[in-house]
Amino acid sequence: MRYRQAEFDAAVWEVVSRIRPGRVLSYGAVARAAGYPRHARMVGRSLGRSPQPLPWHRVVRADRTLAFAPGSTAYLRQKRQLEAENVRIEGGRAVAAADDGPLDLDRLLWGPDGA
DNA sequence: CCCTTGACTATCT
DNA sequence: GAGATAGCCAAGG
């Protein structure tokens, strides 16, 4: 799929807005779900451009570490918001705790049961 | 153009 | 499992 900023942004925001509380998704997974498999690096940029609030804190790296420098304001804010929905940060890695019902993107979403 | 910089990843050591 | 490496790709200088 050819890259177009407006469409890419919209697709990314759509996917991220659907991640449910207590779950996290990787940048690469978001990119794939949005239809742009090679654009993991562009996801963060889009999130920063979002005109309205998004649960962006549920997006982490593929290895489950947060994308911000540990100790930075952004890092702390993301960590706090994740912990607020029962996602722990152990050894720098985000670990989902409780699980709920079904979700379309289940295969791309990280839950308590792992991949 | 060329080069650098990222809210990235997969694959080796 | 932590580093290093090599792809990745849009933006900006």
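Since the model is a prediction, treat every value here as computed from it, not as a measurement.
Within the 3.5 Å criterion, the main-chain N or O of A:Phe68 finds no donor-acceptor partner in the side chain of A:Ser72. Side-chain atoms of A:Gln78 come within 3.5 Å of backbone atoms of A:His57 as a donor-acceptor pair (strictly under, hydrogens ignored).
Side-chain contact between A:Arg93 and A:Asp63: absent, with no pair of heavy atoms (C-beta onward) separated by less than 4.5 Å. With a 4.5 Å cut-off on side-chain heavy atoms, A:Leu82 and A:Val24 count as touching. Side-chain contact check for A:Leu66 versus A:Lys79: some heavy-atom pair is nearer than 4.5 Å.
Contacts of A:Gln78 with the nucleic acid, taken as non-hydrogen atoms under 4.0 Å apart, are absent.
The same atom, C1', is picked in B:dC1 and in C:dG13; the two are 12 Å apart, to the nearest Å. Comparing the P positions of B:dA7 and C:dG7 gives an interatomic distance of 23 Å, to the nearest angstrom.
A salt bridge links A:Asp9 with A:Arg49: the distance from a Lys NZ or Arg NE/NH1/NH2 to an Asp or Glu carboxylate oxygen falls below 4.0 Å. A salt bridge links A:Arg58 and A:Glu85; the closest N-O separation between the charged side-chain nitrogens and carboxylate oxygens is under 4.0 Å.
The NE2-C1' distance, from A:His39 to B:dG6, rounds to 14 Å in whole Å. Atom P of nucleotide B:dA7 and atom CG of A:Leu54 are separated by 17 Å, given to the nearest angstrom. Whole-Å rounding puts the A:Arg64 CZ to B:dA10 P distance at 13 Å. Counting to the nearest Å, the C1' atom of B:dA7 and the CG atom of A:Leu25 are 14 Å from each other. Nucleotide B:dG6 holds its C1' atom 13 Å from the CZ atom of A:Arg49, rounded to whole Å.
Between A:His39 and A:Phe8, the ring-plane angle classifies as tilted under the 30° and 60° cut-offs.
Sequence order on DNA chain C of the closest nucleotides to A:Arg93 and A:Met42 puts A:Arg93 first from the 5' end. Mapping A:Arg45 and A:Arg41 onto DNA chain C by nearest heavy atom places A:Arg41 at the nucleotide closer to the 5' end.
For DNA chain C, the outermost nucleotides in 5' to 3' order that have an atom under 4.0 Å from a heavy atom of chain A are C:dG7 to C:dA11.
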Polar atom pairs (N or O), protein with nucleotides 11-13 of chain B, under 3.5 Å:
none

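The hydrophobic clustering, which links ILVMFWY residues whose side-chain heavy atoms are closer than 4.5 Å, places A:Val95 and A:Tyr27 apart.
One finds no side-chain N or O of A:Ser46 lying less than 4.0 angstrom from the OP1 or OP2 phosphate oxygen of B:dA7.
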